[in-house]
Amino acid sequence: MFDTEQLQQLFRYACALTANEQSAYDLLQDAVERCLRKPPNKPSSLLGYTRSIIRNQFIDTGRHQQRFPHDELDTDQTPINIDIRSLEDILIDEKELEDIWQLLEPIDREIMFLWAVEEYSVNEISTQLEIPRGTILSRIHRLRKRLKQHKHALSTGECL
Amino acid sequence: MKKPLKESLVTKMKEHNLSTEQLVQLQATIAKQKPSEKTFTAGRLRLTAMLASVFAIALLIGILMPFDDKKVPESMLQQIANEVVKNHLHLKPLEVHTNNLDGLIHYFTQLDFLLRPSREVSAFKENLLGGRYCSLKGITAAQLRLINPDSQQTDTLYQTEYRKNIFGDMPDIDKGQSPRIAWSRGVKVKVWVEKGLLFAMTDISAANKK
């Protein structure tokens with residue numbers, strides 16, 4: 001049903017959500033079992049289907065209330081004349097990324113994962129996460145701002 | 001060293017790999033727990049009959065078509081060749097420029113293996129141009145660039161830890177076996193194992209001769 005590479009892909013996705021390898025493994029194992037009990041209708045949708053199970057399971061564990069504040073995001077008035085490509089001109093070193101990664105909310109890590117690793121467009125991210133496109137763009141806008149602030153803070157020795 | 005965010009993220013995420021033990025556990029779960037069986041209703045029987053007809057037609061078409069037109073699953077060798085050639089053709093910028101192996105080893109500090117020259121690559125040290133972090137089948141790898149002394153063109157050499165559970169059986173030249181060859185997008189790729197490392201290298205000069 002799953003080959004090794006698919007399991008690795010799903011594990012990385014779970015790592016992006018949890019920022020913790022052990023929790024990611026637990027989520028993946030649970031998702032694989034659920035998927036075996038109730039397989040997707042189309043075998044071709046196996047990866048997307050399992051990703052949704054992982055995501056729902058992560059949310060169901062009770063950590064979503066602070067971390068997936070969709071209601072708040074949906075009313076966001078940030079102008080949406082921004083693009084996911086605005087993240088592409090950010091230069092970062094490994095240490096900075098590691099520091100920032102732990103501070104990001106799971107949904108931001110998830111968006112960044114889908115954008116960078118899965119190479120999804122904004123529309124595809126919006127479909128996968130079932131979040132309005134405008135919300136994703138607002139999130140990217142804030143994410144970019146936050147990354148820049150954090151980099152600045154690191155360079156000046158400030159604490160955020 | 002600062003790199004574009006996207007590139008840094010890909011590198012970072014590809015560092016997360018299930019351990020062999022975890023993979024074995026997951027595969028055991030999959031093998032043990034077959035998908036639940038569903039009861040057949042009249043509707044399902046109709047659907048099955050329809051699918052059987054479609055299958056019969058497809059089979060007939062398949063028999064009438066020449067054999068080499070049929071799609072067969074891609075082998076691991078071909079998947080490796082495809083990934084190597086795709087990245088070779090993109091020629092992404094090198095992160096380190098050096099013709100010195102020690103310089104490369106000094107740069108690639110995040111690898112789980114030590115970079116080694118190969119007997120299969122003639123004048124490895126003399127023709128080295130530099131390298132960058134990359135991955136092969138999701139495993140962190142070093143992507144090195146070399147000048148082919150015969151054609152004076154650039155070849156790409158991947159080196160990574162040889163994980164049999166991921167790459168399958170590949171020929172080990174330390175045991176007297178010969179590298180395997182695959183072609184992708186008109187480029188020849190040699191794949192072999194040496195000193196516990198998996199090597200995959202393009203051969204542009206062979207592509208020109210073909």
Side-chain angles (χ1 to χ4, degrees), chain A residues 1-16 18-22 24-26 28-40 43 84-98 100-101 109 111-119 143-144 147-148 151, chain B residues 1-38 44 47 73-76 79-80 82-83 86 90 93 95 107-111 133 135-140 163-168:
Chain A
M1 189 172 198
F2 294 96
D3 64 29
T4 305
E5 184 51 33
Q6 287 173 323
L7 290 172
Q8 296 288 16
Q9 271 178 269
L10 292 166
F11 177 62
R12 288 178 194 131
Y13 172 71
C15 283
T18 59
N20 177 294
E21 286 198 346
Q22 188 52 52
Y25 177 68
D26 293 343
L28 175 61
Q29 193 166 37
D30 189 64
V32 166
E33 284 172 12
R34 281 166 189 260
C35 195
L36 287 165
R37 281 199 296 272
K38 194 182 172 197
I84 201 157
R85 280 171 295 189
S86 64
L87 292 175
E88 286 179 3
D89 58 3
I90 295 178
L91 293 174
I92 196 162
D93 69 30
E94 200 180 316
K95 171 83 173 53
E96 284 171 342
L97 180 60
E98 196 56 51
I100 294 169
W101 191 249
R109 290 200 297 265
I111 290 171
M112 287 173 76
F113 176 88
L114 293 174
W115 162 65
V117 181
E118 300 293 341
E119 301 202 324
L143 191 55
R144 181 182 158 80
L147 286 169
K148 292 214 157 183
K151 276 162 63 67
Chain B
M1 184 184 176
K2 288 192 192 301
K3 290 191 287 185
L5 177 62
K6 192 171 191 174
E7 194 181 324
S8 300
L9 262 171
V10 171
T11 307
K12 175 181 168 48
M13 293 317 298
K14 289 196 171 172
E15 283 167 5
H16 294 293
N17 284 301
L18 288 162
S19 66
T20 310
E21 193 188 335
Q22 288 171 326
L23 271 172
V24 168
Q25 274 178 9
L26 285 169
Q27 279 156 355
T29 306
I30 294 165
K32 195 170 60 186
Q33 197 174 344
K34 289 179 184 170
S36 59
E37 288 185 10
K38 292 173 180 171
R44 281 192 182 282
L47 181 67
E74 215 168 50
S75 69
M76 177 53 65
Q79 289 177 38
I80 292 172
N82 292 347
E83 194 169 341
K86 183 180 161 198
H90 285 169
E95 290 160 6
Y107 174 74
F108 284 107
T109 54
Q110 300 300 313
L111 298 174
Y133 279 105
S135 67
L136 193 57
K137 299 305 299 167
I139 308 298
T140 308
R163 294 199 199 170
K164 199 172 175 181
N165 62 325
I166 291 179
F167 297 113

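Residue numbers begin at 1 in each chain, while the letters A, B, ... track the order of the sequences.
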Exercise for review: Give, for atom CD of Gln9(A) and atom NE2 of His16(B), the distance between the pair rounded to the nearest 0.5 Å.
Suggested key: 15.0 Å
Point to revise | 4.5 Å side-chain heavy-atom contact, Lys6(B) and Glu119(A) | key: yes
Check your understanding: About how many Å separate CG of Leu10(A) and CG of Leu26(B), when rounded to the nearest 0.5 Å?
Key -> 10.0 Å
Exercise for review: Please flag which part of Trp115(A) lies under 4.5 Å from any non-hydrogen atom of chain B: side chain, backbone, both or neither.
Suggested key: both
Point to revise | Contacting region of Glu5(A) [heavy-atom separation from chain B under 4.5 Å] | key: side chain
**Study point:** Distance, nearest 0.5 Å, that separates CD of Glu7(B) from CG of Leu97(A)
**Key:** 12.0 Å
Check your understanding: Taking the side chain as C-beta and beyond, is there a heavy-atom pair between Leu5(B) and Met112(A) under 4.5 Å?
Key -> yes
Review point. Once you round to the nearest 0.5 Å, how far does CD of Gln22(B) lie from CZ of Phe11(A)?
Key: 5.5 Å
**Study point:** Part of Gln27(B) lying under 4.5 Å from any heavy atom of chain A
**Key:** side chain
Point to revise | Glu21(A) portion near chain B, given a 4.5 angstrom heavy-atom threshold | key: side chain
Review point. Under 4.5 Å between any side-chain heavy atoms of Pro4(B) and Leu91(A), yes or no?
Key: yes
Practice item. Measure the NZ-CD1 distance between Lys2(B) and Ile92(A) for me, rounded to the nearest 0.5 Å. Key: 7.5 Å
Exercise for review: Taking only Lys NZ, Arg NE, NH1 and NH2, and the carboxylate oxygens of Asp or Glu, determine whether Glu94(A) and Lys12(B) approach each other closer than 4.0 Å.
Suggested key: no
Check your understanding: Which heavy atom of Thr4(A) sits nearest a heavy atom of Ile166(B), and at what distance?
Key -> CG2-CG1, 4.0 Å
**Study point:** Distance-minimising heavy-atom pair for Gly138(B) and Arg12(A)
**Key:** O-NH2, 2.8 Å
Review point. Counting only N and O atoms by type, is there a donor-acceptor contact under 3.5 Å from the side chain of Gln8(A) to the main-chain atoms of Leu18(B)?
Key: yes
Check your understanding: By a 4.5 Å heavy-atom criterion (distance strictly below it), what part of Phe113(A) contacts chain B: side chain, backbone, both, or neither?
Key -> side chain
